[in-house]
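Keep in mind that what you see is a predicted model, and the values were worked out from it rather than measured. The first residue of the sequence shown is numbered 1, and numbering continues consecutively from there.
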Amino acid sequence: MRTHHLAAIDLGASSGRVMLATFTRQEPDSAATLTLKEIHRFPNNLTRIDGKDTWDLDDLEKHILEGLNRLDASGIPLDGIGIDTWGVDFVLLDEQGQRVGPAVAYRDSRTDGVMARMEKLIGRHVIYQKTGIQFMPFNTLYQLRALTEQQPEIASKAAHLLMIPDYFLFRLTGQLNWEYTNASTTQMLNITTGDWDEDLLNLAGVPRRWLQKPTQPGDSPGLWHSPRGRSVPVFSVATHDTASAVVAAPLTSSHSAYLSSGTWSLMGIESPKAFNHAEALHDNITNEGGINDSFRVLRNIMGLWLFQRVCRELNIQDLPSLITLAKNVPPFTYLINPNEDRFINPPSMVSAIREACQQAGEAVPESPAELARCIFDSLAMLYRKIALQLADLQGAPLEDIHIVGGGSQNQFLNQLCADVCQVNVSAGPVEASTLGNIGCQLMALGAVKDTAEFRRIVATNFEQHHYLPRIHADFAIHWRRFEALCHVNEELAV
């Protein structure tokens with residue numbers, strides 16, 4: 001019998017955790033047991049520095065080390081460590097490896113108007129042909145252009161640019177690394193070569209010397225030396241948390257879709273090829289990097305961020321009770337397009353939702369339950385819109401949708417997804433990004449053969465819930481309302 005103990009550092013945009021996975025297999029081809037244990041959980045909040053929303057990397061590092069040190073003190077012999085985080089954000093280092101400037105968060109307003117100006121300089125279709133990446137105003141490409149324009153004194157001191165998970169790998173090991181799945185979120189990686197695109201780097205004002213060619217997940221660039229003297233390999237896993245979540249999503253066929261549901265929702269399919277033609281550009285489809293040279297063909301959706309912000313503003317702690325109240329609100333009374341830029345980081349999410357409804361001629365939600373129902377109905381509608389786009393891309397209807405991540409615990413939204421998309425839905429595992437992180441480590445160690453085998457292990461060891469679609473009598477009317485809302489927003493964006 002062989003047992004592996006692995007640590008997964010999983011950082012999201014609102015919280016982080018250090019998790020311990022224990023993987024046991026009696027014989028090479030026998031059934032495997034995989035368990036997770038939370039070692040340390042901690043908040044990840046934006047902090048305001050010099051008028052900008054930033055990440056407190058020193059606090060995050062302190063918590064990461066606290067979790068790893070607890071494992072070290074317990075005497076558990078770790079076989080590996082992996083780190084995954086959100087995408088697009090980065091850190092600049094000088095020649096000595098010291099941080100240059102704060103880690104500004106993607107929700108900061110410094111990129112306002114930058115994307116539109118850059119599209120005019122080079123052309124929207126040119127950027128998309130090169131990268132295949134969805135246009136979002138906070139992509140790294142636009143963050144860097146904002147930085148080099150607004151704070152050239154910071155850029156002049158930089159020698160290296162690291163994405164957030166690569167930065168923490170550097171802090172643990174002292175080794176520089178550029179991992180492919182997170183690098184692909186920047187909108188600076190050439191979709192054909194898998195290397196940084198020189199034209200886009202020049203457009204952003206980024207010297208090529210800041211970056212090395214990204215590497216595929218599975219490498220172990222360095223070791224973490226624990227307080228007790230252990231040397232533990234730190235693996236470069238699929239460091240974009242959605243890429244890791246997809247590794248653990250128990251997809252059942254080539255026509256299955258995944259929905260990684262959390263602060264952000266990301267809905268897509270796995271594909272051996274990218275889609276960067278005109279139709280994909282029109283639908284703002286993104287082709288992010290996956291493991292084994294695959295592509296995660298998906299759309300980013302604003303997700304449960306809207307619900308989280310409403311609850312925070314209204315000081316609502318009992319979320320299950322609010323969801324129960326929302327169920328009793330008549331369906332589709334209030335609709336918004338959750339992907340409008342106004343919802344990225346408004347001063348008040350409640351006001352932003354009400355204003356969007358009012359401006360669109362929709363009924364205006366007043367109570368917390370009405371606001372919640374508006375968010376859930378609108379998210380489900382957007383899921384349907386994207387499901388239809390994905391079906392068109394792959395040339396076949398989606399057979400089912402697998403919801404993973406923390407949002408998969410919202411049974412009401414899961415059922416809405418099944419009802420509105422009219423496909424079977426399965427929900428779970430909750431800790432998908434952590435599990436995918438672990439799966440990458442197990443594959444790197446040779447303990448698991450490939451992604452297909454790991455997904456079978458996940459399906460065996462972690463619970464899933466299943467939802468069958470139901471019919472809503474007046475749905476076609478509400479769907480036309482939602483399509484009209486999205487059409488107006490898309491016309492304004494163009």
Side-chain angles (χ1 to χ4, degrees), residues 6-13 16 55 57 60-61 64 80-93 97 103 106 131-133 139-141 143-144 160-191 193-197 201 206 208 210-224 232-248 260 266 286-296 298 432-445 451:
L6 302 163
I9 299 161
D10 178 30
L11 303 181
W55 302 110
L57 299 185
L60 290 174
E61 182 177 342
I64 288 169
I81 299 168
I83 307 167
D84 67 87
T85 79
W86 65 97
V88 306
D89 287 343
F90 60 90
V91 179
L92 294 177
L93 303 179
Y106 62 87
T131 67
I133 293 298
N139 285 347
T140 319
L141 176 65
Q143 289 198 49
L144 284 165
H160 308 289
L161 185 157
L162 296 178
M163 303 304 286
I164 297 291
D166 292 327
Y167 169 74
F168 286 118
L169 184 146
F170 169 72
R171 294 294 298 166
L172 290 180
T173 69
Q175 301 299 313
L176 296 171
N177 190 67
W178 291 263
E179 189 275 325
Y180 169 67
T181 67
N182 216 305
S184 74
T185 71
T186 62
Q187 208 174 24
M188 301 192 303
L189 207 63
N190 188 288
I191 201 168
T193 66
D195 202 352
W196 306 102
D197 189 279
L201 293 182
V206 173
R208 183 64 177 82
W210 284 5
L211 301 153
Q212 299 297 321
K213 184 173 182 177
T215 58
Q216 288 290 324
D219 288 348
S220 176
L223 301 169
W224 175 63
V232 184
V234 180
F235 291 100
S236 178
V237 298
T239 64
H240 186 216
D241 51 10
T242 306
S244 273
V246 172
V247 170
S260 181
L266 301 101
T286 198
N287 298 269
E288 294 177 354
I291 68 168
N292 301 324
D293 297 314
S294 66
F295 291 95
R296 294 176 287 123
L298 60 88
S433 54
T434 294
L435 285 168
N437 180 323
I438 295 299
C440 290
Q441 294 187 61
L442 288 170
M443 286 183 272
L445 290 166
T451 307

Please table the atom pairs, donor to acceptor, closer than 3.5 Å between any side-chain atom in residues 181-190 and protein atoms at least two apart or in another chain.
unit_1, atom_1, unit_2, atom_2, d
Thr181, OG1, Glu179, OE1, 2.8
Thr181, OG1, Glu179, OE2, 3.0
Thr181, OG1, Thr239, N, 3.3
Thr181, OG1, His240, N, 3.3
Asn182, ND2, Trp86, O, 3.4
Asn182, ND2, Thr239, O, 3.4
Ser184, OG, Thr181, O, 2.7
Ser184, OG, Gly289, N, 2.8
Thr185, OG1, Val88, N, 3.1
Thr185, OG1, Asn182, O, 2.7
Thr186, OG1, Ala183, O, 2.8
Thr186, OG1, Met188, N, 3.0
Gln187, OE1, Asn139, ND2, 2.9
Gln187, OE1, Tyr142, OH, 2.8
Gln187, NE2, Ile133, O, 3.0
Asn190, OD1, Thr192, N, 2.9
Asn190, OD1, Thr193, N, 3.2
Asn190, ND2, Asp197, OD2, 2.9

Mind checking what makes side chain to side chain contact (heavy atoms under 4.5 Å, CB included) contact with Leu223, not counting sequence neighbours?
His225, Ser231, Pro233

Pairing residues for Ala13 by the side chain to side chain contact (heavy atoms under 4.5 Å, CB included) criterion, not counting sequence neighbours:
Trp55, Tyr106

Once salt bridge (charged side-chain N to carboxylate O under 4.0 Å, His left out) is applied, do any residues pair with Asp195, and if so which ones, sequence neighbours excluded?
Arg208

What is the minimum heavy-atom distance between Trp196 and Leu211, and which atoms define it?
NE1-CB, 3.5 Å

Within this structure, what is the CD1-OG1 distance for the pair Ile9 and Thr434, rounded to the nearest 0.5 Å?
10.5 Å

Can you sort out the partners of Phe170 under side chain to side chain contact (heavy atoms under 4.5 Å, CB included), two or more places apart, ordered by chain and number?
Leu93, Leu162, Leu176

Taking the side chain as every heavy atom from C-beta outward, state whether Val247 and Cys440 have any pair of such atoms under 4.5 Å apart.
yes

Suppose the criterion is salt bridge (charged side-chain N to carboxylate O under 4.0 Å, His left out): which pairs have a residue in residues 433-443, not counting sequence neighbours?
none

Any chance you could measure Arg296, atom CZ, to Ile291, atom CD1, to the nearest 0.5 Å?
10.5 Å

Give the minimum heavy-atom separation between Met443 and Thr451, together with the two atoms involved.
SD-N, 3.6 Å

Any side-chain heavy-atom pair of Phe90 and Asp166 under 4.5 Å:
no

Once side chain to side chain donor-acceptor pair (under 3.5 Å) is applied, do any residues pair with Gln441, and if so which ones, sequence neighbours excluded?
Asn437

Begin from the C-alpha positions of Leu172 and Phe168 and carry the test side chain to side chain contact (heavy atoms under 4.5 Å, CB included) through to its verdict.
CA-CA 6 Å; Leu172 290 180; Phe168 286 118; 5.7 Å; no

Should Phe295 and Ile191 count as side-chain neighbours, where that means a heavy-atom distance under 4.5 Å?
yes

If I compare all heavy atoms of Leu169 with all of Gln175, which pair ends up nearest, and what's the gap?
CD2-O, 3.6 Å

Gln212: partners by side chain to side chain contact (heavy atoms under 4.5 Å, CB included), with sequence neighbours left out:
Trp178

Compare every heavy atom of Tyr167 with every heavy atom of Glu61, then report the nearest pair and how far apart it is.
OE1-OH, 4.2 Å

Separation of Asp241 CG from Leu11 CG (nearest 0.5 Å):
9.0 Å

Could you pull out all residues at least two apart from Ser236 that satisfy side chain to side chain donor-acceptor pair (under 3.5 Å)?
Asn177

How far apart are the C-alpha atoms of Val91 and Leu161, what are their side-chain angles, what is the distance that settles it, and do they pass the side chain to side chain contact (heavy atoms under 4.5 Å, CB included) test?
CA-CA 6 Å; Val91 179; Leu161 185 157; over 6 Å; no

Test Asn287 against Leu298 for side chain to side chain contact (heavy atoms under 4.5 Å, CB included), laying out the working first.
CA-CA 7 Å; Asn287 298 269; Leu298 60 88; over 6 Å; no

Gln216: side chain to side chain donor-acceptor pair (under 3.5 Å) partners, not counting sequence neighbours
Asp293

List in chain and number order the residues that pass side chain to side chain donor-acceptor pair (under 3.5 Å) with Ser433, two or more places apart in sequence or in another chain; answer none if no residue qualifies.
Asp10

Heavy-atom pair of closest approach, residues Asp84 and Ala238:
CB-O, 3.9 Å

Measure the spacing between CG of Leu266 and OG1 of Thr242 and express it to the nearest 0.5 Å.
4.0 Å

What heavy-atom pair brings Ala432 and Ala248 nearest, and what distance separates the two atoms?
O-CB, 3.4 Å

